[in-house]
Amino acid sequence: MDTESPSDSSERFKLYDELELQEFQDKFVIKSHQSPNEGFWISRVDGNINLLDGDTVAESPTKTSTIYGVVGTIRLVIGTYAIVITSRKEVGSFLGFPVYRLTSMRVLACNEALRFSTSQEKRDEAYFLTLLKVVESMPGLYYSYEADISLNLQRRSKLVEGWTSKPLWKQADPRYVWNKHLTEELIELKLDRFIIPLVQGSFQTAELKLKDSCATLTLISRRCTRRLGTRMWRRGANFEGDTANFIETEQLLELEEFKFSFLQVRGSIPILWEQIVDLSYKPHLRVISHEQTPNIVEHHFHDLSQRYGEVLAVDLTDKHGEEGQLSAAYAAEMQNQQNVRYVPFDFHYHCGSSNFDDLKILYDQISEDFEKQRYFMIDRKGDILEEQKGIMRSNCIDSLDRTNVTQCYMAQKALNLQLQRIGVLTSSECISMFDEQYGKFRILWAEQGDEISLEYAGTNALKGDLVRYGKKTLTGIIKDGMSALSRYYLNNFHDGIRQDALDLISGHYTVSRNIPSPFQRNGFEPLSKNVTVQYLPVASALIIGGLTATTFTLQQGRNAHQYVSSVLCAGITAGVMAIVKAKGRQFCSRPRLCGLL
């Protein structure tokens, strides 16, 4: 059994934590600082990757720098591109081993052969390279050189003896490895000590002091890569039952004698549905009727049951309007799920976006099932004292804001049960009675919510003050308004390219010279992203100018000629507005590599 003690690190597989990058005219060389003979080189001409040998590096490099890992490699139309870690920040430890956040990346281009390619290939390569530049700024990527952080404590504690001596990429759960597709060539070359499994999500930690006891509280969120994407371009489920924005969140509590783990998951409503941006503030939700929908729902919940046990599915969406129609479609499918308890709870109706403690209404409905699922607990020797027997799955529309508030509330309940179990708190005490420590707990959950929202929606989470302070504040309302406007802009004018970048690096789209250019096939030139978008500033200027001219001529209107001018300006303005509204989808940034499902 793996007790996760740092003392047995000598038996563990450890990655190289500092590498030397040497740049030559014809190649890049990457080798270990600790073992200079260990490494590989990539030809800048054809992109081929080769292991180092004694004759590889005879001349002096033009530039040498330190890097902190290799994210992976990807082959595009002509060239090969390596992505390396240029800076990192230690953010805490996972069961005794340092964890780092990736803070900057660099794309190394090995595409000298591009000058011999066709003009279309050059245009395609330029667009794909633009996508890699988007990847360079991806937030929320975490890793460790000594431990796999993709597995939760309960799963780790059941690993066979010797498991942690395997390469980290073999230990990892592939569904949570963000760069899995990018590591394939490195795996083929058996460069095991260079292969870093990255997890996208969040990693937050805090030290708690409760009475005479010290504890470490860690919050780890792991984003599933099977339906990776952005807020408006990845909704619902695919035909395999994988849902958008599916995240496993683990709350770890570590004391001297015991370790606790409490798991929750979130994910988009697991049926087929879409919400395509069209310049409106709240695009229409559309449920996609399909004969495979029952199978999709069955696959999704069967997978959850196999991994976690009994499932408690809490649906936090509104029960009226278009959200209500989507919720009703979900509820109808859940009637056929025998081993899942489905709980509809209209968050906005019951909580009114104002009071954290109003979630007690939900807790009273589910407390028996929630407490029966328990949590995972081991002692300092690694002996299992308690197992978590089920999982609570939460969702709202985005599975971000309402979901985060709700998960925080349930995590607080679990933390109270754990601390009461070992006598740190009495049965009548709870974490909220200790203001400073409770504040630390809330900040962990608020910052986690911001980070996973940034990855999916492009902004911090809404309703963050409900998590931080337990109530709405004026500052929070202003921040939510600014975030909502930012989401509108990003979702309409930026997320198409971001979705393409995610589809490319996750392997959902594979580049090949043997298939027609996806941009020719989809009828647009890649460097312009979407030709119609170029006309949006013109249309906006016409609308603003038309409204201004109409207002001015009305104010100056003293004769029939000026009134005719006003009517003409108003007519032109209304016409342009009607065209923009009717063609809204065409003005938006749209992904071009993969379909919605």
Side-chain angles (χ1 to χ4, degrees), residues 1-9 11-13 91-99 142-144 146-166 168 170-177 197 199 201-208 214-224 247-266 304 306-310 373-393 407 410-419 421-422 424 441 444-445 448:
M1 179 181 293
D2 179 16
T3 61
E4 299 303 325
S5 169
S7 62
D8 43 5
S9 59
E11 302 171 9
R12 294 180 161 274
F13 190 93
V91 291
S93 65
F94 177 66
L95 304 171
F97 300 99
V99 173
Y142 295 88
Y143 66 96
S144 173
E146 301 179 64
D148 164 41
I149 63 172
S150 70
L151 294 181
N152 60 62
L153 181 60
Q154 182 158 323
R155 289 188 66 193
R156 297 179 69 83
S157 297
K158 297 180 178 182
L159 297 175
V160 297
E161 188 174 348
W163 181 264
T164 53
S165 64
K166 293 176 179 289
L168 286 191
K170 288 186 177 180
Q171 298 180 37
D173 185 340
R175 74 181 64 204
Y176 297 123
V177 178
V199 173
S202 183
F203 187 96
Q204 310 290 335
T205 187
E207 299 297 322
L208 302 183
C214 294
T216 301
L217 189 65
T218 305
L219 201 58
I220 310 172
S221 288
R222 306 172 176 101
R223 179 179 299 281
C224 180
I247 296 171
E248 175 190 88
T249 296
E250 180 177 22
Q251 181 174 277
L252 277 172
L253 177 67
E254 298 176 76
L255 299 98
E256 186 176 349
E257 296 293 330
F258 304 100
K259 291 185 178 74
F260 295 89
S261 166
F262 173 66
L263 296 171
Q264 299 183 78
V265 296
R266 70 176 74 192
L304 287 183
Q306 290 290 104
R307 294 173 68 81
Y308 300 108
E310 295 181 359
Q373 290 182 351
R374 306 300 291 165
Y375 43 77
F376 183 72
M377 177 183 182
I378 57 174
D379 62 20
R380 66 187 307 170
K381 296 181 293 184
D383 293 332
I384 297 174
L385 306 179
E386 182 88 67
E387 291 192 48
Q388 185 167 340
K389 300 178 177 66
I391 197 77
M392 178 170 158
R393 183 202 191 278
Q407 287 197 339
M410 299 304 163
Q412 177 183 324
K413 293 293 185 182
L415 183 60
N416 288 335
L417 292 172
Q418 293 163 359
L419 293 171
R421 165 86 178 257
I422 57 176
V424 173
F441 167 83
L444 285 192
W445 274 92
Q448 180 251 192

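Bear in mind the structure is a predicted one, so any value in this text is a computation, not a measurement. Residue numbers start at 1 and run along the sequence shown.
- Within the 3.5 Å criterion, the main-chain N or O of G201 finds no donor-acceptor partner in the side chain of S221.
- Between the CD atom in Q264 and the CE atom in M410 there is a gap of 7.5 Å [rounded to 0.5 Å].
- Between I149 and V199, the shortest heavy-atom distance links the atoms CG1-CG2, 3.8 Å.
- Summarising the geometry, atom CZ belonging to R266 is positioned 10.5 Å from atom CE belonging to M392; distances are rounded to the nearest 0.5 Å.
- Looking at E257 and I422, their side chains never come closer than 4.5 Å, going by heavy atoms from C-beta outward.
- For the pair Q407 and Q251, the minimum side-chain heavy-atom distance is 4.5 Å or more.
- Contact of the K170 side chain with the D148 side chain is not registered, since no non-hydrogen atoms from C-beta on lie closer than 4.5 Å.
- A distance-only check finds no donor-acceptor pair linking the side chain of E146 to the backbone of F97 [under 3.5 Å].
- Heavy atoms from other residues, nucleotides or ligands lying under 6.0 Å from CD of E256 number 12 at most.
- Scanning all heavy atoms of the two residues, the minimum distance from R307 to R155 falls at NH2-NH1, 3.2 Å.
- At a threshold of 4.5 Å between non-hydrogen side-chain atoms, the residues F94 and F203 count as touching.
- Going from atom OG1 of T205 over to atom CG of L217 covers 7.0 Å, rounded to the nearest 0.5 Å.
- Across F13 and L168, no two heavy atoms sit closer than the pair CD2-N, 3.8 Å.
- Applying the side chain to side chain donor-acceptor pair (under 3.5 Å) rule to E250 yields the partners R222, S261; only residues at least two apart in sequence or on another chain are considered.
- Between I220 and Y142 there is no side-chain heavy-atom pair separated by less than 4.5 Å.
- Listed for the Q388 side chain is a donor-acceptor partner under 3.5 Å among the backbone atoms of L263.
- With sequence neighbours excluded, no residue forms a side chain to side chain donor-acceptor pair (under 3.5 Å) with S93.
- The distance from atom OH of Y308 to atom CD of Q373, rounded to the nearest 0.5 Å, is 12.0 Å.
- Between T164 and Q171 the shortest heavy-atom distance is O-NE2, 3.3 Å.
- Using a distance-only test at 3.5 Å, with no hydrogens or angles considered, no donor-acceptor pair links the side chain of E248 to the main chain of V265.
- When all heavy atoms of L444 and L219 are compared, the pair lying nearest together is O-CD2, 3.7 Å.
- When the side-chain contact (heavy atoms from CB on, under 4.5 Å) test is applied to S165, no partner is found at least two apart in sequence or on another chain.
- Nearest heavy atom pair, residue W445 against residue A411, reads CZ2-CB, 3.2 Å.
- Under the side-chain contact (heavy atoms from CB on, under 4.5 Å) criterion, P174 pairs with K180, sequence neighbours left out.
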Could you please spell out the steps behind the side chain to side chain contact (heavy atoms under 4.5 Å, CB included) verdict for F260 and L255? CA-CA 9 Å; F260 295 89; L255 299 98; 4.1 Å; yes
Applying side chain to side chain contact (heavy atoms under 4.5 Å, CB included) to T218 and V99, what does each step give before you reach the verdict? CA-CA 11 Å; T218 305; V99 173; over 6 Å; no
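- Here E387 pairs with Q154, K158, F376, I384 under the side-chain contact (heavy atoms from CB on, under 4.5 Å) rule; sequence neighbours left out.
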Kindly indicate, with the supporting measurements, whether the criterion side chain to side chain contact (heavy atoms under 4.5 Å, CB included) is fulfilled by V424 and Q418. CA-CA 9 Å; V424 173; Q418 293 163 359; over 6 Å; no
Decide side chain to side chain contact (heavy atoms under 4.5 Å, CB included) for L153 and K259; before the verdict, give the C-alpha distance in whole Å, the side-chain angles of both, and the deciding distance to 0.1 Å. CA-CA 9 Å; L153 181 60; K259 291 185 178 74; 4.1 Å; yes
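- Contacts of L417 classified as side-chain contact (heavy atoms from CB on, under 4.5 Å), with partners at least two apart in sequence or in another chain: E371, Y375, Q420.
- Heavy atoms from other residues, nucleotides or ligands lying under 6.0 Å from NZ of K166 number 12 at most.
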